[in-house]
Amino acid sequence: SQVPLRHDEL
Amino acid sequence: MNVFRLTGDLSHLAAIIILLLKIWKSRSCAGISGKSQILFAVVFTTRYLDLLTSFISLYNTSMKLIYIGCAYATVYLIYVKFRATYDGNHDSFRVEFLVVPVGGLAVLINHNFSLMEILWTFSIYLESVAILPQLFMISKTGEAETITTHYLFCLGLYRALYLLNWIWRYYFEGFLDMIAIFAGLVQTVLYCDFFYLYVTKGGKDRKKVMLP
């Protein structure tokens, strides 16, 4: 599924 | 990934490990707010649900697993293994005053009205205030052990570095996330008073740092 870019951050 | 983001993550990791080692080595969780640690465990659990649905990178997955694992290990040490040393009488912050408004705000202001996004937003808002029971406990007892102040310093530094990371990402990637930036600002401001005391009083009195 497509994850928003911000979910890359911890 | 930029230098602020990486040092922010490492500072966060250092804070978590400092606290775990402090409790483990001293066999005591005196002066540590179990409520703050439960809130952090909730923060990681609700934010990292995407571990189940998507893969971003090996770094991302392993750090998330380490953070969650350490958060639950800390809660376990406080409430089970070293429960006898837990100072519950001084850990009297009413967490419902944080969780309920933060939950309401996450439902009202989010990027997308879906369960995953609301929980992600909830975790961002909750993280920004999760340290309050710990700061409240220190202000109540009037002192904190040096190692506890190192923990707080690394934890506060982490979000301050993330602010620099967001400025970097805005200029070089056009990335802008107002929810994270707003919560990150609130979170960093909460530590400012502590930062000041850590820098000014930490050097003189190595044993203990008093908070007003």
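A note on names: the letters A, B, ... follow the listed sequences, proteins ahead of strands, and every chain is numbered from 1.
- Of the two parts of B/Asp177, only the side chain, counted from C-beta on, holds a non-hydrogen atom closer than 4.5 Å to a non-hydrogen atom of chain A.
- In this structure, chain A has a heavy atom under 4.5 Å from the side chain of B/Tyr67, while its backbone stays farther away.
- With contacts defined as side-chain heavy-atom distances shorter than 4.5 Å, the pair B/Glu117/A/His7 qualifies.
- For the atom pair A/Asp8 CG and B/Arg5 CZ, the distance stands at 5.0 Å (nearest 0.5 Å).
- Other residues, nucleotides and ligands contribute at most 12 non-hydrogen atoms within 6.0 Å of the CZ atom of B/Arg83.
- In this structure, B/Tyr170 places its OH atom where only 12 or fewer heavy-atom neighbours from other residues, nucleotides or ligands lie under 6.0 Å away.
- Side-chain contact between B/Tyr158 and A/Leu10: absent, with no pair of heavy atoms (C-beta onward) separated by less than 4.5 Å.
- Judged purely by atom type and a 3.5 angstrom limit, B/Tyr162 has no side-chain atom pairing as donor or acceptor with the backbone of A/Glu9.
- Between B/Ile124 and A/Arg6, the closest side-chain pair of non-hydrogen atoms is not below 4.5 Å.
- Contact of B/Asn165 with chain A is made through the side chain alone, with heavy-atom distances under 4.5 Å.
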